[in-house]
Trainee: 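The structure is given below, and queries will be raised subsequently.
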There are 2 protein chains.
Amino acid sequence: MNHSILKGHLDGLILSVLEVEPLHGYAVIEALRHRSDEALDLPSGTIYPALRRLERSGRIAGEWSVVEGRRRRTYRLTAAGAATLARERSEWTAFSAMVDRVLAARP
Amino acid sequence: MNHSILKGHLDGLILSVLEVEPLHGYAVIEALRHRSDEALDLPSGTIYPALRRLERSGRIAGEWSVVEGRRRRTYRLTAAGAATLARERSEWTAFSAMVDRVLAARP
DNA sequence: TTGCTACATATAGCGATGCTACATATAAAT
DNA sequence: ATTTATATGTAGCATCGCTATATGTAGCAA
């Protein structure tokens, strides 16, 4: 049931929303939900570990702050992250074209 | 290094080549390589377990034969497999449109 | 004969990752 | 007092593509 068709593509999506502007985790979830026309509604157990992975690998940089009494960690895209994003965009283009081609053939 | 962007999409690709005609594992590898313009060259450790999974779940049905002294297991798409393929095609359409939308946005 | 290449299948075990379930805390509204 | 929205986190599960390795046949070249 848990296809998780998303596997391997989440990082690119996150980097893509952070490219527009720095956001904290909760806002990343909302941004992805809006940008995908409500198709993507990621659970916290997906997004927070993903952000920590991206930070640990240097693709994004996070900083704590407190807004209206709530602490939040806001992430911005690094130069390395921008490079990764560019690579993931072109990989996605090739990959999706390939899948389209293979799925299109009919008996 | 091991992106494996393919995760979650392999079953659809296999079902799609088996929809055209029944094939054995080795021929599935070749069919995917040709249909993808040499982009996909799956190792045996990927394809054979995937075929066994699809068979165990009733999406394909396999049968042993011997051709020119070599034994092979030829798989055909079942009715359940055709239904799965149809669902995966429409899921892929929605998924790829969503990723396109999210990755397209720029700062 | 030996060795190489293509054909053909298989499995143990690894690594990565999205997700469920749960936990914690603040602020505002009911 | 309770619920809802905001905000983050982790333990542990399940899945699955892939590496590495193993086995065997057929045909051809040196």
Side-chain angles (χ1 to χ4, degrees), chain A residues 1-15 22-34 36 39-57 59-60 62-75 84 88 91 95 98-99, chain B residues 1-15 22-34 36 39-57 59-60 62-75 84 88 91 95 98-99:
Chain A
M1 210 57 84
N2 191 11
H3 267 80
S4 222
I5 209 176
L6 197 59
K7 211 159 269 210
H9 305 280
L10 179 61
D11 286 6
L13 301 183
I14 292 175
L15 295 178
L23 294 171
H24 59 289
Y26 194 87
V28 168
I29 295 175
E30 289 191 307
L32 285 174
R33 208 176 57 233
H34 294 141
S36 68
L40 266 189
D41 193 8
L42 301 177
S44 65
T46 292
I47 208 73
Y48 293 110
L51 287 169
R52 289 304 195 170
R53 280 199 301 269
L54 287 168
E55 184 176 29
R56 202 169 48 233
S57 69
R59 265 78 180 186
I60 61 179
E63 201 181 347
W64 286 109
S65 64
V66 175
V67 176
E68 285 171 17
R70 295 184 193 95
R71 67 178 201 136
R72 53 169 66 164
R73 190 164 180 82
T74 300
Y75 297 95
T84 299
E88 301 226 343
E91 279 179 11
F95 174 73
M98 183 273 284
V99 174
Chain B
M1 211 59 85
N2 191 11
H3 267 77
S4 222
I5 207 175
L6 197 59
K7 210 158 268 207
H9 305 280
L10 179 60
D11 285 5
L13 301 182
I14 293 174
L15 295 177
L23 295 171
H24 60 288
Y26 194 87
V28 169
I29 295 174
E30 291 191 306
L32 285 174
R33 208 176 57 234
H34 294 139
S36 68
L40 265 190
D41 194 8
L42 300 176
S44 66
T46 292
I47 207 74
Y48 293 110
L51 288 168
R52 290 304 195 169
R53 279 197 302 268
L54 286 167
E55 184 176 28
R56 202 169 48 233
S57 68
R59 264 81 182 186
I60 61 179
E63 204 180 348
W64 286 109
S65 64
V66 175
V67 176
E68 285 170 18
R70 296 185 192 94
R71 66 177 201 137
R72 52 168 67 164
R73 190 163 181 81
T74 300
Y75 297 94
T84 298
E88 300 226 343
E91 278 179 11
F95 174 74
M98 183 273 285
V99 174

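As the structure is a computational prediction, the values presented were derived from the model and not from experiment. Lettering of chains follows the sequences in order, A, B, ..., and the numbering in each one begins at 1.
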Trainee: Take N1-N3 plus N6-O4 or O6-N4 for Watson-Crick, N1-O2 plus O6-N3 for G-U, both under 3.5 Å. Which runs of 3 or more such pairs involve DNA chain C?
Mentor: C:1-30 with D:1-30
Trainee: Which salt bridge (charged side-chain N to carboxylate O under 4.0 Å, His left out) pairs, counting each pair once, include a residue from residues 43-53 of chain B, with sequence neighbours left out?
Mentor: B/Arg52-B/Glu55
Trainee: For the pair made of CZ in B/Arg59 and P in D/dC16, what is the distance, rounded to whole Å?
Mentor: 10 Å
Trainee: What closest approach, in Å, do A/Pro49 and A/Ser44 show between heavy atoms, and which atom pair accounts for it?
Mentor: CD-O, 3.6 Å
Trainee: Which heavy atom of B/Asp41 sits nearest to which heavy atom of B/Arg33, and what is that distance?
Mentor: OD1-CD, 3.5 Å
Trainee: Could you give the CG-to-P distance, from B/Asp11 to D/dT15, as a whole number of Å?
Mentor: 13 Å
Trainee: Identify the pairs formed between an N or O of the protein and an N or O of nucleotides 6-10 of chain C at a distance under 3.5 Å, and give each distance.
Mentor:
residue	atom	partner	partner atom	Å
C/dC7	OP2	B/Tyr26	OH	2.8
C/dC7	O2	B/Arg70	NE	3.2
C/dA8	OP1	B/Arg72	NH2	2.4
C/dA8	OP2	B/His24	NE2	3.4
C/dA8	O3'	B/Arg71	O	3.4
C/dT9	OP1	B/Arg73	N	2.6
C/dT9	OP2	B/Gly25	N	3.3
C/dT9	OP2	B/Tyr26	N	2.8
C/dT9	OP2	B/Tyr48	OH	3.1
C/dA10	OP1	B/Arg52	NH2	2.2
C/dA10	N6	B/Ser44	OG	2.6

Trainee: In the structure I gave you, are the side-chain heavy atoms of B/Leu15 and B/Arg59 within less than 4.5 Å of one another anywhere?
Mentor: yes
Trainee: Using the six-membered ring wherever Trp is involved, compare the ring planes of A/His9 and A/Phe95 and label them parallel, tilted or perpendicular (cut-offs 30° and 60°).
Mentor: tilted
Trainee: Answer with base, sugar-phosphate or nothing: what part of the nucleic acid does A/Leu42 contact at a heavy-atom distance below 4.0 Å?
Mentor: sugar-phosphate
Trainee: Over all heavy atoms of both residues, which pair between B/Ala50 and B/Leu10 is shortest? Give the atoms and the distance, please.
Mentor: CB-CD2, 3.9 Å
Trainee: What is the distance, to the nearest angstrom, from the NZ atom on A/Lys7 to the P atom on D/dC18?
Mentor: 14 Å
Trainee: For B/Arg56 and D/dT15, give me the distance from atom CZ to atom P, rounded to whole Å.
Mentor: 10 Å
Trainee: Rounded to whole angstrom units, what separation is found between the CG atom of B/Leu40 and the C1' atom of D/dC18?
Mentor: 14 Å
Trainee: Taking all heavy atoms of A/Ile14 and all of A/Leu54, pick out the closest pair and write down the distance.
Mentor: CG2-CD1, 3.8 Å
Trainee: Minimum heavy-atom separation for A/Ile60 to A/Leu51, with atom names?
Mentor: CD1-O, 3.5 Å
Trainee: If every non-hydrogen atom of B/Lys7 is compared with every non-hydrogen atom of A/Lys7, which pair is closest and at what distance?
Mentor: CD-CD, 3.4 Å
Trainee: From CD of B/Glu88 over to P of D/dC16, roughly how many Å is that when rounded to an integer?
Mentor: 10 Å
Trainee: From CG of A/Asp41 over to P of C/dC19, roughly how many Å is that when rounded to an integer?
Mentor: 10 Å
Trainee: Separation of A/Glu68 atom CD from C/dA29 atom P, in whole Å?
Mentor: 10 Å
